[in-house]
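Report on the following structure.
The first residue of the sequence shown is numbered 1, and numbering continues consecutively from there.
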Amino acid sequence: MGMMVTARRIEATADEVRYEFGFEDRFDRVLTIDPRTLEAGVDDGEFNSAASAISVKIVKAWRSSGEFPATMMYAS
């Protein structure tokens, strides 16, 4: 079975970049990335496959462009 996770950036400071994310267009969770270390975490503490997949895509985009994307989608 496939998975589609979408994310949209809601905040970007020197200390953290925050995204709302969820399955399809349900933005019901929050992902936080430290821009210095690229360490990612989720507000609910459940760093599952959806959180992992979307954080990897966001970090890859940052490495490619030097900026955190406004939106991101992961589909498998």
Side-chain angles (χ1 to χ4, degrees):
M1 178 161 204
M3 172 174 62
M4 186 172 87
V5 183
T6 57
R8 61 183 173 202
R9 191 180 62 221
I10 54 173
E11 183 178 16
T13 68
D15 296 325
E16 66 183 17
V17 181
R18 295 172 57 85
Y19 287 85
E20 292 178 321
F21 77 103
F23 292 108
E24 299 185 18
D25 288 331
R26 239 180 64 214
F27 300 102
D28 57 351
R29 300 180 68 201
V30 176
L31 172 75
T32 303
I33 300 173
D34 182 324
R36 294 175 300 262
T37 65
L38 301 179
E39 185 175 318
V42 289
D43 285 4
D44 63 10
E46 186 181 337
F47 199 84
N48 60 9
S49 61
S52 177
I54 200 68
S55 65
V56 167
K57 288 275 294 203
I58 291 168
V59 169
K60 281 184 180 182
W62 174 84
R63 286 184 172 143
S64 175
S65 71
E67 296 182 20
F68 284 95
T71 61
M72 184 57 62
M73 182 188 329
Y74 170 85
S76 68

Any side-chain heavy atom of L31 sitting closer than 4.5 Å to one from I58?
yes
Which ILVMFWY residues can you reach from M4 by hopping between side chains whose heavy atoms are under 4.5 Å apart?
M73
Locate the shortest heavy-atom distance separating [X] from [Y]; write the atom from each residue and the value.
X: A61; Y: P69; answer: CB-CG, 4.0 Å
X: I54; Y: A7; answer: CG1-CB, 3.7 Å
X: A51; Y: V42; answer: CB-CG1, 3.7 Å
X: L38; Y: V59; answer: CD1-CG1, 3.8 Å
X: F47; Y: A40; answer: CE1-O, 3.9 Å

Under the rule for side-chain contact (heavy atoms from CB on, under 4.5 Å), what residues qualify as partners of A70, not counting sequence neighbours?
R9
What salt bridge (Lys or Arg N to Asp or Glu O under 4.0 Å) pairs are there with at least one residue in residues 14-23, not counting sequence neighbours?
R8-E20, E11-R18, D15-R36, R18-D43
Ring pair (Phe, Tyr, Trp, His ring centres under 6.0 Å) contacts in which one or both residues fall within residues 6-32, not counting sequence neighbours
none
How long is the straight-line distance from [atom2] of [Y] back to [atom1] of [X], given to the nearest 0.5 Å?
X: T32; Y: I10; atom1: OG1; atom2: CD1; value: 7.5 Å
X: T6; Y: M72; atom1: OG1; atom2: CE; value: 11.5 Å
X: S52; Y: K57; atom1: OG; atom2: NZ; value: 13.0 Å

Pairs involving residues 61-74, ordered by first then second residue, that meet side-chain hydrogen bond (donor to acceptor under 3.5 Å, both in side chains) (sequence neighbours left out)
none
Partner residues of R29 under the side chain to side chain donor-acceptor pair (under 3.5 Å) criterion, sequence neighbours left out
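D44, N48.
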